[in-house]
Every structure is written in structure tokens, then in C-alpha cells.
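Throughout, protein chains are lettered first and strands after them, A, B, ... in sequence-line order, and every chain is numbered starting at 1.
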Protein chains: 2
Amino acid sequence: MNTVVRSGKRIQPIINNDILLHDIPLFKKLTEDEMFRLELNSVIKSYSKRSVIYREGSRHSGLYCVLKGIVKVYKIGGNGKQQILRFAQKGDLIGYRSLLTNELACTSAKAYDDTVLYHIPQHIVMELFRQNWGFTHETMKFMCKELKESNMFITDIAQKSVRERAAEMLLILKDEFGIDKHNALKITITREDLANMVGTVTESLIRVMSEFRNENLLELPGRKIVFRDVTKLRAIANI
Amino acid sequence: MNTVVRSGKRIQPIINNDILLHDIPLFKKLTEDEMFRLELNSVIKSYSKRSVIYREGSRHSGLYCVLKGIVKVYKIGGNGKQQILRFAQKGDLIGYRSLLTNELACTSAKAYDDTVLYHIPQHIVMELFRQNWGFTHETMKFMCKELKESNMFITDIAQKSVRERAAEMLLILKDEFGIDKHNALKITITREDLANMVGTVTESLIRVMSEFRNENLLELPGRKIVFRDVTKLRAIANI
DNA sequence: CGAACTGTTGAGAGGCTTCAAGCCTAGTGG
DNA sequence: CCACTAGGCTTGAAGCCTCTCAACAGTTCG
């Protein structure tokens, strides 16, 4: 049974049994030997909330896999405004684009929670790609998922109103991060970040959220977002 | 020297020396044997202008590579409006997403010109992926290019004005399809399609184009688009 | 406890869409 | 070859959605 305890260059003492590589579909494709070589060469890095993992325009040679926490992946527009492209969580890959193309990063990534990443150096990833098709295929499927979501998002942002997009984004967050027993979204997100996901300004997003509250679709106690009528939200989102 | 003349199932007589597989970077990665097997199993398909190649929601088992012509890849939004995601031309791949994930197509593709495609059946592509890392890597790099462009486009469409996006899109078309000796865009594109690329309605796009003409940045004789001041356009695009 | 950040609401301006009407042009059929 | 017609192109007017600017309340954290 492989656990990160076997990891060669364990630099952080955070690792415990909550975090197991074999929980992650991608790594299930590896043989015991490959796994051993991987762990011998990879590094587990932890990031405290709000710390930057990499920045647009920087070079980072390797692949990151999220083991724990949430990573915000975003781009800065011409006017300095953030556009959030996705939130990556356990099992998700980040930084693979510049790995494959040897270009500079075209996005930035920031820890949204206290986050633990698995960093695999470029030559190891490339070696695995060469020798293990299952691993490569799994990575390609992940890329496809992102492409599909990008295509959907481009169409939405070009054609839907802020109200529709906001409803849709709330439902996406609900699907990705889940809700607790009180129907409250598990991820805590600021209004500004929600606006930066939806592709609008904070004030507009707040206005729409207030509408949703007045229509009894949401409750908004403090920073929580509680779902009260998912069916109607889905109708508004027009998915 | 491999040419398509060697192709096994040559169903169309269109093939001539203009179209050579070895012109395409992706296929340069294949060995002579792989190339032979590829040509033995693949089909060259031709599509007349405006004919549909595949439709959103359909299943198409295989990979298409554009040999000649231009393919419009788009998505239909909730209101029935097209959002153009990209134009594929010689050497570009289409339809690889559903190939890798075994899902239904999430976009539609239509021949924009008289177009010739190379269709490789799924099992052959998968076989090549397994055995030839160069081929796989080339494909992954292509996917990365699309992801990068998607990320940029999402940020632009969320943050820039129609005027800025229109200028940028014209410059992108100029880079991708080139201009003739009179500085006219080589691709002929309707105002509606331009609007569907930019993510706006036809009327708004036309108004912006008229502005550009009045500011001596463009000439618009008939259906042509002639560039007169690329520098200023670039400034407006705010890249 | 106070500073800095986040959330909220209002008012006003402006960009973009919608609807409507007419012109142009490319392709078709007689 | 020409007339015709459908589809593409263009402009105007009106109104709505969204953004901007501003002020203030609430919250968090050192």
C-alpha cells in the first residue's frame, strides 16, 4: 500500500493519512515501480491561505496535483481585474500547460484554503507520459474536461445575462464543492470572487444575489450561501 | 516519401499534390510503418462549403485533421445563437475531445470553404497514442494551444468592450489567415459570423466596423476587409 | 479598538441590444 | 444574359442592462 509517507523528499510534516496518493484516479494508473520512482522524486508543498503558487508569466517546471485544499486559477485582464477560470481541488491538475509546451504560465494560481500540492518535476512527468499510456490518457481526459468547460463558459458569457450566469455559477459551485446539511455551500467565497467568476463587477453580482434572496431562492446569512430553491435557480440559469 | 496517393481507401479523386500528409507537423512524428498503417485505415473526406461535418450531441468515432479549407467550430447557445469558438485550418485537429472521453460532441463543425478532412478511426488513433509519444505529445500541445486561447478569450469577453474585442478579433484573423498584397484579409467572413466570434450581435459589430472605417483603420469595399492602420487597431485591442 | 477589507444600496451614465426599415450584392433561374 | 430574390449589410431610435461612482454598514483581524 503506497502512502505519501514513503515520499523521498518529504519537506513538510503536514502529511497525514488524510492525504493518500492512491485516492487520486490519475495515480491509480501507475505501477508500483513507477509510483516508487514518482515518490522518490516529487515534492509535497504546502501553501497557506492566499499565498501565490505561481504567477502569470513565470516559469515553473513541473506538474502540480492538488492533494488538499482549493486552488484559484485566474488571469489578470488589461485593466488589472481578475478573471477566475476555475477552482482546482483534490485530484485536479494545475500547471500542465506550460509543462507540455515549455511556455511561460498564462494563468496565476493562488491557494484559496490551506492547500497541499504534489509537485512532480518535468522530466519525471515526461518519463511517465512516455511509458504509461493510462497515465497520459487520464491527463488528456482532464484536459478535455477543461476544454469542454471553457467552451461552455465562452458561450454562456457571450450570450447570457449576469442573472443567468450568476445562477449557473452558484449551481456549478454546488456541484463541485457540495452543500452541508443546512444546504449551505461548503466553499466560502467572497462576493468579489463570485463576480470575478461570473465575469461582472461586485456590485452587479450583489444586486443579483439580493434578487435571488428576495425571490426566496437563496438565504444569505453572513458570508454563507444557502440554497432554498434549486429548481427555480436551474430554470433561471437556463442550462 | 509518403504521399496520400498511397492511401488505402481513397474515396475521393480530389487528392492532388497540394495535399500532402507530411506537410502536417503531427504526421511528421510517425514512422514509415505507422504512416502506412494510418493511410491504410484512414479516409479522406471532402465537404462542400456550408455542409455540416458533425453536430453538437452527435457521436463521431475518430479524429479529424484538416487537410484543406477552413472549418468553423461553434456552439449553439440557449437562445439558438451561434458562438464561434475557432476556425480550424490545414493541420488543425477537430473532434479529438469526444474521441478521448467517449462523450458526445459538445460543439458543431461546419465547412466554411470547400474542405478536405482526414478521418482517422478511433482505434487507430488510440494505437498511435499508445505507441508513439511524439504523436501524443504533438496532440497534447495542440490541446494546450486551444486551452490557452480559451483562457484568453474568456478573460477578454468578460472584461473588454465590443470595440476592443472586435479590433482584437480582426488582428487574430489577420495572423491566422493572413492578408493579400492589398492588405485585405484572405478569409471572407460575414458580419454575422464576425459578430458570433466577438460575442455580440450583428448590428453592434457593424457599428464598430463603421467606426474603424471612419477612423481610417479599415477599408470595407464590398465584403472585403482591408487593414489600413494595424498599429492603432492593436492599441484599441489593448493586447 | 481601530484599520482595512468586505458587503450593500442608490443614482446616473453609457454601452449594447432590440426592433424596424431600407439598401446592397451575389447567386439563381428563366 | 438579365431580372429577380433571398440573404447580407447598414443605419436610426428607443430602451434596458450593466457599469461606475459614491456613501455607508458590517466584519475581520492584527
Check nucleotides 12-14 of chain C against the protein and report each pair of N or O atoms closer than 3.5 Å, with its distance, or say if there are none.
none

note: B:Glu164, atom CD; C:dC16, atom C1'; distance rounded to Å ~ 14 Å
Per-helix bend value, the helix from C:dC1-D:dG30 to C:dG30-D:dC1, C1' rotation axes over five pairs per end, 10° rounding, shows 50°
Selection residues 174-186 of chain B - residue pairs positive for side-chain hydrogen bond (donor to acceptor under 3.5 Å, both in side chains), sequence neighbours left out | none
List for me each residue that meets side chain to side chain donor-acceptor pair (under 3.5 Å) alongside A:His119, sequence neighbours excluded, and say none if there are none.
-> none
Quick note, A:Glu203 side chain, CB onward, closest among D:dT18, C:dC16, C:dT9 is C:dT9
DNA chain D contacts made by residues 186-197 of chain A, counting heavy atoms under 4.0 Å | none
Listed by chain and number, what are the salt bridge (charged side-chain N to carboxylate O under 4.0 Å, His left out) partners of B:Lys224, not counting sequence neighbours?
-> none
With sequence neighbours excluded, give me every salt bridge (Lys or Arg N to Asp or Glu O under 4.0 Å) pair touching residues 190-210 of chain B.
-> B:Lys72-B:Asp193
Only counting residues at least two apart or in another chain, list the ones meeting ring-ring contact (aromatic ring centres under 6.0 Å, His included) with B:Tyr112.
-> B:Phe87
Can you give me every donor-acceptor pair (side chain of residues 47-59 of chain B, partner residue at least two apart or in another chain, under 3.5 Å) with its distance?
| residue | atom | partner | partner atom | Å |
| --- | --- | --- | --- | --- |
| B:Ser51 | OG | B:Ser48 | N | 3.4 |
| B:Ser51 | OG | B:Ser48 | O | 2.6 |
| B:Tyr54 | OH | B:Thr107 | OG1 | 3.3 |
| B:Glu56 | OE1 | B:Ile76 | N | 3.2 |
| B:Glu56 | OE2 | B:Lys75 | NZ | 3.4 |
| B:Ser58 | OG | B:Arg55 | N | 3.4 |
| B:Ser58 | OG | B:Arg55 | O | 2.6 |
| B:Arg59 | NH1 | B:Asn102 | O | 3.3 |

In whole angstrom, give the distance that lies between atom CD1 of B:Ile157 and atom P of D:dT18.
-> 14 Å
Just how far, in rounded Å, is P of C:dT6 from CD1 of A:Ile225?
-> 15 Å
Taking only distance into account, with no hydrogens and no angle test, what donor-acceptor pairs under 3.5 Å do side-chain atoms of residues 156-173 of chain A form with protein atoms, sequence neighbours excluded?
| residue | atom | partner | partner atom | Å |
| --- | --- | --- | --- | --- |
| A:Gln159 | NE2 | B:Lys81 | O | 3.0 |
| A:Gln159 | NE2 | B:Gln82 | O | 3.4 |
| A:Lys160 | NZ | A:Glu168 | OE1 | 2.9 |
| A:Lys160 | NZ | A:Ala237 | O | 2.8 |
| A:Lys160 | NZ | A:Asn238 | O | 3.3 |
| A:Ser161 | OG | A:Glu164 | N | 3.3 |
| A:Ser161 | OG | A:Glu164 | OE1 | 3.2 |
| A:Arg163 | NH1 | A:Glu211 | OE1 | 2.6 |
| A:Arg163 | NH1 | A:Glu215 | OE2 | 3.1 |
| A:Arg163 | NH2 | A:Glu215 | OE1 | 3.0 |
| A:Glu164 | OE1 | A:Ser161 | N | 2.8 |
| A:Arg165 | NE | A:Val198 | O | 3.1 |
| A:Arg165 | NH1 | A:Lys160 | O | 3.0 |
| A:Arg165 | NH2 | A:Val198 | O | 3.2 |
| A:Arg165 | NH2 | A:Gly199 | O | 2.9 |

DNA chain C contacts made by residues 205-223 of chain A, counting heavy atoms under 4.0 Å = A:Ile206, A:Arg207, A:Ser210, A:Arg213, A:Arg223
Answer yes or no: does a side-chain N or O of A:Thr202 lie under 4.0 Å from OP1 or OP2 of C:dG7?
-> no
Between B:Lys224 (NZ) and D:dG8 (P), how many Å, whole number?
-> 18 Å
When you check the phosphate oxygens OP1 and OP2 of C:dG15, does a side-chain N or O of B:Ser204 lie under 4.0 Å from one of them?
-> no
Base, sugar-phosphate alone, or nothing: which one does A:Val201 contact when heavy atoms must sit under 4.0 Å apart?
-> base
What is the distance from atom SG of A:Cys65 to atom CD1 of A:Ile24, rounded to the nearest 0.5 Å?
-> 4.0 Å
Heavy-atom closest contact (B:Glu103 atom, B:Ser98 atom, distance) = O-CB, 2.9 Å
Separation of A:Asp229 CG from A:Arg234 CZ (nearest 0.5 Å) = 10.0 Å
Which atoms form the tightest heavy-atom contact between B:Cys144 and A:Thr101, and what is the distance?
-> CB-CG2, 3.6 Å
Using the test ring-ring contact (aromatic ring centres under 6.0 Å, His included), find all partners of B:Phe27 that sit at least two apart in sequence or belong to another chain.
-> B:Tyr118
Residues B:Asp92, B:Arg86: salt bridge by 4.0 Å N-O rule = no
